[in-house]
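Position 1 is the first residue of the sequence; numbering continues from there. Only heavy atoms go into these numbers, but all of them, side chains included; no hydrogens, no water, no symmetry mates.
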Amino acid sequence: MTGTMDGFSWKLFLLSCLLAMEGCAQDFGQTQFICTSVPKDMDLCSATMQNSGPAEDLKTTVMQLRETVLQQKETIMNQKETIRELTSKLSRCESQSLPAAAGPGGRRPGSKNTMGDVSRGTTDTLAQLGQTLQTLKQRLENLEQYSRGNNTVQANSLKDLLQNKIDDMEKQVLSRVNTLEDPKPGARNDTDQRNRVETTLTSLHHRINDLEKGKETRPTDKFQLTFPLRTNYMYAKAKRSLPEMYTFSVCLWIKSNASPGVGTPFSYAVPGQANELVLIEWGNNPMEILINDKVAKLPFLINDGKWHHLCITWTTRDGMWEAFQDGVMRGSGENLAPYHPIKPEGVLVLGQEQDSLGGGFDATQAYVGELANLNIWNRKLSIAEIYNLATCNSKAPAGNVFSWTESNIEIFGGATKWTFEPCRSLN
């Protein structure tokens, strides 16, 4: 009887295990059933609950892992989206770094590729520009050899072709060099290379000028200066200072369409006073003349891209001044630095405003355009004399303090020099 009851109890126990495990594992899909012995006097449900702890922990762990996987998946998707955005931006940057409407080879249709395929890198760009300039120097040496011979026609032709090429290339050089102004890592090396390029440009123009003088193809006053870009390194300088002046007249031809303001056609600085005598049109202000840092606004309208003749007279007595445009007086005034003579021992610069003696240039005040026939007198010109200058009359006087001749001017930074005859070259 006891054996029968023991067998019955064992069968009941197995059945209870199966029922209990089925209830515990029904949420886990495919499962393995594991039976555990339970004492006779213990409630089966209590035993089942005690043994369900590992299963609940497993379920919790699985849920945590699943949450982690979902979070990682979301992170990966975000990273992919970020990569796509960065790739798109990079593509746009690369496309913007090429010239607009570029044709085959990255050049604008119809444009001259005078510098070859220039690298986008700053250092590589300047290095290739330097190589191009060296090539042009070699060609210029060949031109000099021709000019020493008897074939002057061929020499003139070669010179003209070379000077046109230099002018075209130089504008591209200066445009690219101008983008290197912002300080950045390695900027010192870039600046050194830029200075070497500018020095080579200046040397080329000096040598071409020597050729022109040697052949005597034009009078020494029949030239103009061109400042194609607003920079802080392109300028010309008078080789001599001005004397002390109690009265002066200054006249020049000017052509510009720069906006806002044409910049500074000329500035004269002396020790202790950078604005001793300055002609400037800066920003949206009208053109002004400064004497000893005192200002008078001038009634000139010149930024129309046409040649205009300007004259300004001044006398220290009561600071009287008069302004003439194209031979006609446009305005006058007084109390402009009265009883202050223009001081000597200064520096006369064309194309830049000086913040210190002979330097301290600011690109925003640089002159952009063409300039010719700057003459200065230490007397007040008559209305008839000014009219003769504006109409290119043969009786027009030359400046007795500063006269417009090639021997009186030095050019720096790539400003160019071209043949110019007033009234014949107008507009």
**Study point:** Residue pair Met287, Leu298: steps toward the side chain to side chain contact (heavy atoms under 4.5 Å, CB included) verdict
**Key:** CA-CA 5 Å; Met287 182 164 279; Leu298 304 176; 4.2 Å; yes
Practice item. Kindly determine whether Val347 and Gln354 satisfy side chain to side chain contact (heavy atoms under 4.5 Å, CB included), including the steps that lead there. Key: CA-CA 9 Å; Val347 177; Gln354 304 172 67; 3.9 Å; yes
Review point. Given Asp221 and Ser403, is the side chain to side chain contact (heavy atoms under 4.5 Å, CB included) satisfied, shown in steps?
Key: CA-CA 8 Å; Asp221 62 337; Ser403 60; over 6 Å; no
**Study point:** side chain to side chain contact (heavy atoms under 4.5 Å, CB included) between Tyr268 and Ile342, intermediate numbers included
**Key:** CA-CA 10 Å; Tyr268 177 68; Ile342 302 299; 3.9 Å; yes
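The shortest heavy-atom contact between Ala236 and Ile409 is CB-CG2, 3.7 Å. Between Trp404 and Ala372, the closest heavy-atom pair is CZ2-CA, 3.7 Å. Here the shortest heavy-atom pairing between Lys306 and Asp304 reads N-OD1, 3.1 Å. Considering all non-hydrogen atoms of both residues, Ala269 and Ser356 come closest at CB-O, 4.5 Å. Summarising the geometry of Ala323 relative to Phe300, their closest heavy-atom pair is CB-CZ, 3.6 Å, with the distance given to 0.1 Å. For the pair Gln352 and Ser267, the tightest heavy-atom approach, listed with the atom from each and the gap, is O-OG, 2.7 Å.
Residue pairs meeting the disulfide (SG to SG under 2.5 Å) criterion with at least one partner in residues 234-320, sequence neighbours excluded, are Cys251-Cys311.
Rounding to the nearest 0.5 Å places CD of Gln224 at 12.0 Å from CH2 of Trp253. Of the inter-residue distances, the one linking Thr316 atom OG1 with Ile291 atom CD1 reads 8.5 Å to the nearest 0.5 angstrom. Expressed to the nearest 0.5 Å, how far CH2 of Trp321 lies from CD1 of Ile312 amounts to 8.5 Å. To the nearest 0.5 angstrom, Leu381 atom CG is 11.0 Å from Thr247 atom OG1. The distance from atom CD of Glu353 to atom CG of Leu290, rounded to the nearest 0.5 Å, is 8.0 Å. Taking CD1 of Ile376 as the reference point, atom CG of Leu348 lies at 5.0 Å (rounded to 0.5 Å).
Using modelled atom types, no side-chain atom of Thr231 and backbone atom of Ala363 make a donor-acceptor pair closer than 3.5 Å. When atom types are taken as modelled, the side chain of Thr264 and the backbone of Gly351 share no donor-acceptor pair closer than 3.5 angstrom. The backbone N or O of Arg317 lies less than 3.5 Å from no partner atom in the side chain of Tyr339, so there is not a single donor-acceptor pair. Side-chain N or O atoms of Glu281 include one that pairs as donor or acceptor with a backbone N or O of Val262 at under 3.5 Å.
Using a cut-off of 4.0 Å between Lys/Arg side-chain N and Asp/Glu carboxylate O, Glu385 and Lys395 are scored as not salt-bridged. Ion pair Lys222/Glu421 not flagged as a salt bridge, since none of the NZ, NE, NH1 or NH2 atoms sits closer than 4.0 Å to an Asp/Glu carboxylate oxygen.
A 4.5 Å side-chain heavy-atom check between Ser256 and Ile302 finds every atom pair outside the cut-off. A heavy-atom distance below 4.5 Å is found between the side chains of Thr226 and Thr416. Using a 4.5 Å heavy-atom cutoff, the side chains of Asn232 and Asp362 are not in contact. For the pair Asn408 and Glu406, the minimum side-chain heavy-atom distance is 4.5 Å or more. Taking the side chain as every heavy atom from C-beta outward, Leu225 and Trp418 never approach each other to under 4.5 Å. The shortest side-chain heavy-atom distance between Lys237 and Leu350 does not fall under the 4.5 Å cut-off.
Evaluation of the salt bridge (charged side-chain N to carboxylate O under 4.0 Å, His left out) rule for Lys380 yields Glu322 as partners, not counting sequence neighbours. Looking at residues two or more places apart in sequence or on another chain, you find no salt bridge (charged side-chain N to carboxylate O under 4.0 Å, His left out) involving Glu345. Residues satisfying the ring-ring contact (aromatic ring centres under 6.0 Å, His included) criterion with Phe361, sequence neighbours excluded, are Tyr235.
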Sequence neighbours excluded and cut-off under 3.5 Å, please list the side-chain donor-acceptor pairs for residues 273-280, or say none.
from: Gln273; atom 1: OE1; to: Asn275; atom 2: N; distance (Å): 3.0
from: Gln273; atom 1: NE2; to: Asn292; atom 2: OD1; distance (Å): 3.2
from: Asn275; atom 1: ND2; to: Asp293; atom 2: OD1; distance (Å): 2.9
from: Glu276; atom 1: OE2; to: His340; atom 2: NE2; distance (Å): 2.9
from: Glu276; atom 1: OE2; to: Lys343; atom 2: N; distance (Å): 3.0

Could you tabulate the donor-acceptor pairs under 3.5 Å formed by side-chain atoms of residues 326-336, not counting sequence neighbours?
from: Asp326; atom 1: OD1; to: His309; atom 2: N; distance (Å): 2.9
from: Asp326; atom 1: OD2; to: His308; atom 2: ND1; distance (Å): 3.0

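Checking each of Val250, Asn375, Leu374 against Phe402 for a side-chain contact (heavy atoms from CB on, under 4.5 Å) leaves exactly one that passes, namely Leu374.
Checking Ser382 against Tyr387 by side-chain atom types alone, no donor-acceptor pair falls below 3.5 Å. With no hydrogens or angles considered, no side-chain donor-acceptor pair links Thr391 and Asn393 at under 3.5 Å.
Close placement of the Trp307 and Phe420 rings is indicated, their centers lying within 6.0 Å of each other.
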